[in-house]
Each structure stands twice: as C-alpha cells, then as structure tokens.
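What you see below is based on every heavy atom in this structure, not just the backbone, and it leaves out hydrogens, waters and symmetry mates. The first residue of the sequence shown is numbered 1, and numbering continues consecutively from there.
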Amino acid sequence: QVQLVESGGGLVQPGGSLRLSCAASGSRTDYYSIGWFRQVPGKEREGVSCISRSTDRAHVRDSVKGRFTISRDSTRNTVFLQMNNLKPEDTAVYYCAASTLFSCANYLSGATYSSWGQGTQVTVSS
C-alpha cells in the first residue's frame with residue numbers, strides 16, 4: 001500500500017506560483033494514477049489534476065488549464081503540481097491520492113482514489 005505525503009503549500013500573492021510535491025513511500029508512484037484534489041471548508045472536494053498510470057497522460061480541470069501542470073519524477077518517486085498565475089479562488093487544502101486504474105477516469109470526483117495524504121494548505125491573498 002502506498003503512502004503519500006504532500007508538501008509545498010504556503011501563502012502567495014495573486015499571480016504567484018507554487019510547486020506542490022506528493023512524495024510516495026511503500027510503493028512506487030509508477031504503479032498508480034495519481035490525482036491532486038482540493039477542498040475548501042464547507043465545500044465538496046474537487047479533482048484538480050491527474051497523471052495516469054503507465055502512459056503519464058496528464059489531465060487538468062478546466063478552471064486551471066494553462067496555469068497548473070502535473071508531472072511525475074519516477075527517480076524521486078514523487079508527483080508534482082506546478083501552479084502558476086494563482087488566483088484567490090485557488091485557495092484550499094490540496095491533497096494527493098492514488099488510484100490503481102490505468103486511466104484518470106473519476107479524478108474529478110475522486111472516486112476509486114485512496115491512500116490520501118494529510119494535505120497542504122495553499123492560500124492566495126494580497
């Protein structure tokens with residue numbers, strides 16, 4: 001069973017950038033499709049981005065297209081989420097999670113994902 005730990009969150013001004021890391025232990029990220037999710041208190045969790053198992057095909061939700069990029073570094077057993085041109089509405093706790101599916105199906109809802117990390121807070125504010 002893979003264990004995931006997120007890091008890299010913080011406070012950034014609108015227009016700024018952050019790179020989130022999702023470090024794996026206990027197994028290799030290569031064996032999973034890895035998704036990034038976010039949640040604001042009082043709102044449902046939403047899928048932000050996903051990188052698929054085996055093909056590393058990347059998916060991002062429409063609201064972050066052109067600003068967020070997901071990547072996998074197999075040598076470091078880590079998945080990254082590069083976030084550029086951040087907006088106040090990106091403020092949330094960001095989580096990563098793993099799915100054994102070969103595709104990123106369901107990443108928008110998070111169904112079939114498990115091994116959730118503890119989350120990292122991203123705050124975009126001036």
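Within the 6.0 Å centre-distance limit, the rings of Phe37 and Tyr113 are counted as a close aromatic pair.
In this model, a donor atom of one side chain and an acceptor atom of the other lie less than 3.5 Å apart for Ser115 and Gln1. No side-chain donor from either of Asp73 and Thr78 sits under 3.5 Å from a side-chain acceptor of the other.
Taking a 6.0 Å sphere around CD of Gln118, one finds it holds more than 12 heavy atoms contributed by other residues, nucleotides or ligands. Counting non-hydrogen atoms of other residues, nucleotides and ligands closer than 6.0 Å to CZ of Arg57 gives a total of 12 or fewer.
The two atoms that bring Arg72 and Asp30 nearest to each other are CD-OD1, 3.4 Å, heavy atoms only. Contact detail for Thr112 and Ser99: the closest heavy-atom pair is OG1-OG, 3.3 Å. Nearest heavy-atom pair across Ile51 and Ile70 is N-CD1, 3.5 Å. Residues Cys50 and Ser33 come closest through the heavy atom pair SG-CB, 4.3 Å. Here the closest heavy-atom approach between residue Asn77 and residue Ser25 is recorded as ND2-N, 4.5 Å. A pairwise comparison of heavy atoms in Val48 and Tyr94 identifies CG2-CE2, 4.3 Å as the closest pair.
Under a 3.5 Å cut-off, the side chain of Arg61 and the backbone N or O of Gly47 do form a donor-acceptor pair. A side-chain donor-acceptor contact under 3.5 Å links Thr120 to the backbone of Gly9. Panel note: side chain Gln82, backbone Phe80; no donor-acceptor pair is recorded below 3.5 Å.
The aromatic rings of Trp116 and Tyr95 sit perpendicular, their planes meeting at an angle over 60°, well past the 30° parallel limit.
Using a 4.5 Å heavy-atom threshold, the side chains of Glu6 and Trp36 count as touching.
Note on Val40: it does not cluster hydrophobically with Val93, by side-chain heavy-atom contacts below 4.5 Å among ILVMFWY residues. Hydrophobic clustering places Leu81 together with Val2 (ILVMFWY residues linked when any side-chain heavy atoms are closer than 4.5 Å, directly or through intermediates). Hydrophobic clustering places Leu86 together with Val60 (ILVMFWY residues linked when any side-chain heavy atoms are closer than 4.5 Å, directly or through intermediates).
Between the CG atom in Leu4 and the OG atom in Ser114 there is a gap of 8.5 Å [rounded to 0.5 Å]. Annotation: the span from His59 atom NE2 to Ser52 atom OG amounts to 5.5 Å, rounded to 0.5 Å. To the nearest 0.5 Å, the span separating OG on Ser49 from CD1 on Ile34 amounts to 11.5 Å. Atom-to-atom distance recorded for Arg38:CZ and Arg45:CZ is 13.5 Å, nearest 0.5 angstrom. The distance from the CG atom of Leu101 to the CZ atom of Arg53 is 8.5 Å, given to the nearest 0.5 Å.
Cluster partners of Leu11, using a side-chain heavy-atom cutoff of under 4.5 Å among ILVMFWY residues and allowing indirect links: none.
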Identify all side-chain donor-acceptor contacts of residues 13-24 below 3.5 Å with residues at least two apart in sequence or on another chain.
residue : atom : partner : partner atom : Å
Ser17   : OG   : Asn84   : OD1          : 2.9

Trace of the salt bridge (charged side-chain N to carboxylate O under 4.0 Å, His left out) decision for Lys65 with Asp62: CA-CA 5 Å; Lys65 275 183 180 177; Asp62 288 345; 3.2 Å; yes
May I have the step-by-step check of side chain to side chain contact (heavy atoms under 4.5 Å, CB included) for Thr91 and Gln121, ending in yes or no? CA-CA 8 Å; Thr91 295; Gln121 175 71 47; 4.0 Å; yes
Check the pair Val122, Met83 against side chain to side chain contact (heavy atoms under 4.5 Å, CB included), reporting the backbone distance first and the verdict last. CA-CA 10 Å; Val122 171; Met83 307 187 296; 3.9 Å; yes
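With sequence neighbours left out, Ser126 forms a side chain to side chain donor-acceptor pair (under 3.5 Å) with no residue at all.
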